[in-house]
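Heads up, the thing below is written out as structure tokens.
Numbers restart at 1 for each chain; the letters A, B, ... are given by sequence-line order, proteins then strands.
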Protein chains: 2
Amino acid sequence: MVKKKDLSTEEKILVAAKKVFVENGLSGARMQDIADKAEINKALLHYYFKSKEKLFEVIFKEATAKLFPKINTIFSSDIPLFDKIRQFTHDYVEIVIENPYLPLFVLNEINKQPHAFSQKLFGNDQPPVHKLSAQIEKEIKKGLIKPISPAHLIINMLSMCVFPFVGKPMIQLVMNIDEIQFRNMMEQRKTMIADFIIASIKK
Amino acid sequence: MVKKKDLSTEEKILVAAKKVFVENGLSGARMQDIADKAEINKALLHYYFKSKEKLFEVIFKEATAKLFPKINTIFSSDIPLFDKIRQFTHDYVEIVIENPYLPLFVLNEINKQPHAFSQKLFGNDQPPVHKLSAQIEKEIKKGLIKPISPAHLIINMLSMCVFPFVGKPMIQLVMNIDEIQFRNMMEQRKTMIADFIIASIKK
DNA sequence: ATATAATTTAACCAAATGGTTAACAAAAGT
DNA sequence: ACTTTTGTTAACCATTTGGTTAAATTATAT
């Protein structure tokens, strides 16, 4: 457990802000709440980060920086399809296990301002789905996997990786499981998702 | 297109409130905004629904009433497993296509207050997963499908049904598709998800 | 030591926000 | 006709909230 006393004021603010923003969203977060959690005066927040929006942007960028580059890298890497599926699902679930509240937070904000976000995340580059899509198409043509729309396959994969975290409280409710059981299940999903997908598409 | 003039004041409020709450969440929604959209005075909101929270609760209940009872019914119905999977995924995707913004809205609020929500939704009854779980276990023992944890299978199914809507703007961004293309894909998923699952688990 | 820059705080402010009040209008009972 | 209930509004209020200011304290450089 890291004690806040060991951190610089700026770090303390970031730790506190992350928690408050992720729990409450942009509009639900209170600057006073962040200040209290960071054990500083509210004016200091504005001294370090000019406004609520500016502070939020820092937190949000940190969050997306964790969640997106990995997709990019693996999607466009040069390994065989099944390996790619195994690696992506494993690594992605691992990332999200370490940051279980980020997906819902990020998805919310993308929903609220898709345009602003698109530019920020991808700039002028094309998102990296095409390479993976092409790879899937090629495997189908070669007769190595069953026919399936690449878009759907990718959506399925992403869904099974991310959704359990977005729907965590609901899943815990419906399935009546506690934190530890949930965590264990997510650990299992690191390999289970790939097995499930590959079983479905391999000939 | 239904004109608001034809609706009673209460209905006008509900229509407006649903839109504002679903778009902005509880904390992000403004009572004035709802009043404006319903073309009434703000005080009337408090005349019909005592407070913001009360109004929210009505909207929220309406939303969950759409999303949850279906799960219940199908999960505990007495049809063969594959039929059940086909029916659930089809019906559920259909419901969510008609209400694409409800899942994110509902998941957010469950996240913010899981306890209050649990009681409201299920009361004292057990959630209805057990029957489906048992059915899956039985099929595995009979050797009709490959071994898989029922919990994971159910989570996978739910993920593929719901996530595309929760992550809609992100998916549109990453895959570079417009509203119509997205809608078409979701239509396809009514049958595709079941095919995908069954292909994975059948022997 | 002294001047300069970086941190930190208490007090304050304007705008936004949920909610109330009192008066008025329309509808429904009698 | 008139009394009561229901529906509607403008004006107002208290609180919350993001943000500012000016002064004080601490660290840093000269």
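Listed by chain and number, the residues in a ring-ring contact (aromatic ring centres under 6.0 Å, His included) with B/F182 amount to none (sequence neighbours excluded). Scored by the ring-ring contact (aromatic ring centres under 6.0 Å, His included) test, B/F21 finds B/F56 as partners (sequence neighbours excluded). In this view, A/D83 satisfies the salt bridge (charged side-chain N to carboxylate O under 4.0 Å, His left out) rule with no residue, not counting sequence neighbours.
Listed by first and then second residue, the ring pair (Phe, Tyr, Trp, His ring centres under 6.0 Å) pairs that reach into residues 153-173 of chain B come to none, sequence neighbours excluded. Evaluation of the side chain to side chain donor-acceptor pair (under 3.5 Å) test over residues 183-199 of chain A, restricted to residues two or more places apart or in two chains, returns A/E94-A/K190, A/R183-A/E187, A/E187-A/K190, A/Q188-B/H152, A/R189-B/H152, A/R189-B/N156.
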Reading nucleotides 7-23 of chain D from 5' to 3' and marking B where a protein heavy atom lies under 4.0 Å of the base, S where only the sugar-phosphate is that close, and - otherwise, the string is BBBB------SBBBB--
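Separating the CZ atom of B/F49 from the P atom of D/dT6 is a distance of 16 Å, rounded to the nearest angstrom.
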